[in-house]
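To keep things clear, I will list the structure first and then write my remarks on it.
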Amino acid sequence: MYNRIFNFSPGPAVLPVPVLERARDEMLNYQGCGMSVLEMSHRSHEFEQILSKAEAGLRRIMGIPNDYVVLFLQGGASLQFAMVPQNLFLQDQPVDVLHTGAWTKKAIDDLKKVAAYHIAASTESENFTRLPTSTETTFSQNASYVHICSNNTIFGTQWTTFPDTGEVPLVADMSSDILSRPVDVSQFGLIFAGAQKNIGPAGVTVVIMRPELAERAPQKLSTMLQYRTHIKQQSLYNTPPTFAVYIVGLVLEWIEAEGGLPVITGRNQEKADILYQAIDRTDFYTCPVAKPDRSKMNVICRVAGGDEALEKKFVSEATQASLSSVKGHRSVGGLRFSIYNAQPMAGVEALAEFMRAFEQKYG
Ligand SMILES: *Cc1c(COP(=O)(O)O)cnc(C)c1O
């Protein structure tokens, strides 16, 4: 109806059509208030409703315990790489990192500016094609916290169970799989996620945390960089990214209308199964990622053992067939199919069909 293509972009990524339609319908006059959400004061009654509805939706869907706070911040997940250590690092207590790819590398690069750290485990020597096992992991005696990336967007691995860190807070970068499956929030001290993969547009970053962790921050830390500030002002210390928060609220409503995480999780499993089966049924395609660690959000695929010319052809012919953004990240090469919550089943089926036809032509 809208001539939309199937979009496999890793982020910003596909959004549910009903969300886009709703935003379109409400664009000029939001619920009879005579103006657009884009134009309204962040202190207005309407926006306060938008913000509190988004928070309530996230709490319901994720089952966030009452004693956790939910913040809507800016600066992307990348700013969290700086804010987390600046707020949570305790003198003489290293930050433990489970190093699983490009995003934990960026986190390390930033946290080492302000904190001591220890690599508790790393699979770098195997080019991050699998996740570390618990027997390979050595935590510090007294870590400030443990940093983990729940889904490695670039290398295509995803944790299914999280390590038990006991009294030490577990901090998770869930940018690319938040709301894709149920998680036990009480296992984490802090969760952060840039919205533009699975929960909305670029511009807003969700932080879910135990508020007492915010009290670790030195008072001399810049006001905007303290979680304390945003907790106290309920994400309204300064102007929040109002339109992005509004869209996140619509995405949350969409998730609930679809049946919540049980339905979404089942669909994500089905979509991932279709693509991994399309890869595994033939030697023409390969997935370098160890089977138990394969991501249900970002499927990595090589063509003909990593034939770059053929992979280039795949990308260009897929684009012509309205299958957009299937090129792998430059650090990995090959192909990457991002299949977040809003990726329709029809998109995945069309891609699997295209893969079969491409193999027939060139295999
Ligand atoms: C995309 C991504 C980031 C970076 O997010 P920005 O919002 O661009 O800063 C960090 N971590 C993971 C896991 C990501 O997928």
Side-chain angles (χ1 to χ4, degrees), residues 10-12 71-124 127-128 131-132 137 139-140 142-155 157 159 162-163 165 168-178 188-197 202-210 213-231 237-238 241 298 329-332:
L71 305 173
F72 295 94
L73 306 181
Q74 295 177 73
S78 298
L79 185 59
Q80 295 308 305
F81 295 157
M83 272 179 81
V84 173
Q86 289 185 38
N87 282 268
L88 268 58
F89 174 59
L90 300 167
Q91 236 16 268
D92 304 319
Q93 297 185 232
V95 175
D96 279 358
V97 182
L98 292 155
H99 185 26
T100 53
W103 292 117
T104 52
K105 173 73 167 65
K106 283 212 165 154
I108 292 164
D109 286 347
D110 230 314
L111 72 84
K112 73 184 178 196
K113 292 176 193 284
V114 296
Y117 73 101
H118 161 72
I119 307 279
S122 168
T123 49
E124 187 168 15
N127 201 27
F128 303 117
L131 295 170
T137 306
F139 290 118
S140 305
N142 60 339
S144 287
Y145 63 90
V146 176
H147 178 98
I148 195 170
C149 179
S150 59
N151 182 73
N152 293 279
T153 325
I154 292 174
F155 289 93
T157 59
W159 293 86
F162 294 96
T165 56
V168 178
L170 182 59
V171 171
D173 175 359
M174 289 196 189
S175 293
S176 54
D177 71 348
I178 189 169
F188 300 89
L190 188 151
I191 292 168
F192 64 87
Q196 71 273 21
K197 274 106 189 200
V204 63
T205 305
V206 170
V207 173
I208 301 161
M209 69 184 289
R210 291 186 193 277
L213 292 176
E215 295 310 322
R216 291 182 177 189
Q219 292 288 355
K220 70 175 197 325
L221 187 60
S222 304
T223 312
M224 266 298 276
L225 295 180
Q226 292 190 34
Y227 291 117
R228 223 185 248 125
T229 304
H230 302 288
I231 293 171
Y237 169 69
N238 73 324
N298 310 96
H329 191 269
R330 58 195 178 277
S331 61
V332 179

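The analysis underlying the following values was restricted to heavy atoms, covering all of them including side chains, and did not include hydrogens, waters or symmetry mates.
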* Would you call the rings of F81 and W103 parallel, tilted or perpendicular, where under 30° means parallel and over 60° means perpendicular? ->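 Taking W103 first and then F81, their aromatic rings sit tilted (interplane angle of 30° to 60°).
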
Considering all heavy atoms, the nearest [X]-[Y] contact:
X: D92; Y: P94; value: O-CD, 3.8 Å
X: D173; Y: A77; value: OD1-CB, 4.5 Å
X: H118; Y: S140; value: CD2-OG, 3.5 Å
X: T223; Y: T229; value: O-OG1, 2.6 Å
X: I154; Y: A102; value: CD1-CB, 3.6 Å
X: A143; Y: V168; value: O-CG1, 3.7 Å

Indicate yes or no for a side-chain donor-acceptor contact from [X] to the backbone of [Y] under 3.5 Å, with no hydrogens or angles considered.
X: S176; Y: N151; answer: yes
X: R228; Y: N87; answer: no
X: T137; Y: A120; answer: no
X: Q226; Y: Q219; answer: yes

* Asked: Out of curiosity, S122 OG to L131 CG, how far, rounded to the nearest 0.5 Å?
  ->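 These two atoms lie 11.0 Å from each other.
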
* Distance, nearest 0.5 Å, that separates OG of S222 from CD of Q86 ->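 CD of Q86 is found 7.5 Å from OG of S222.
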
* Evaluation steps, side-chain contact (heavy atoms from CB on, under 4.5 Å), between S175 and Q196 -> CA-CA 8 Å; S175 293; Q196 71 273 21; over 6 Å; no

* For H329 and F155, what are the C-alpha separation, side-chain angles and deciding distance, and is it a ring pair (Phe, Tyr, Trp, His ring centres under 6.0 Å)? -> CA-CA 8 Å; H329 191 269; F155 289 93; 7.9 Å; no

* To do: Evaluate the side-chain contact (heavy atoms from CB on, under 4.5 Å) criterion for residues I119 and I108: first the C-alpha distance (whole Å), next the side-chain angles of each, then the deciding distance (0.1 Å), finally the verdict.
  => CA-CA 9 Å; I119 307 279; I108 292 164; 3.6 Å; yes

* Can N298 and T153 be counted as having a side-chain donor-acceptor contact under 3.5 angstrom? ->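 Not at all, the side chains of N298 and T153 share no donor-acceptor pair under 3.5 Å.
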
* To do: May I ask you to decide whether D109 forms a salt bridge with K112, counting only side-chain N to carboxylate O separations under 4.0 Å?
  =>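 Here D109 pairs with K112 in a salt bridge, since their nearest N and O are under 4.0 Å apart.
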
* Student check: side-chain heavy atoms of P169 and L213 closer than 4.5 Å ->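 P169 vs L213: side chains touch.
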
* **M224 vs Y237, side-chain contact (heavy atoms from CB on, under 4.5 Å): CA-CA, chis, key distance, verdict** => CA-CA 8 Å; M224 266 298 276; Y237 169 69; 3.6 Å; yes

* Asked: Mind checking whether Y145 and F89 have ring centres under 6.0 Å apart?
  ->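 Ring centres of F89 and Y145 not closer than 6.0 Å.
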
* Given the side-chain rings of H230 and F72, with only the six-membered ring counted for Trp, is the space between their centroids under 6.0 Å? ->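 H230 vs F72: aromatic centres not under 6.0 Å.
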
* **Intermediate values then yes/no, side-chain contact (heavy atoms from CB on, under 4.5 Å), T100 and W159** => CA-CA 10 Å; T100 53; W159 293 86; 4.0 Å; yes

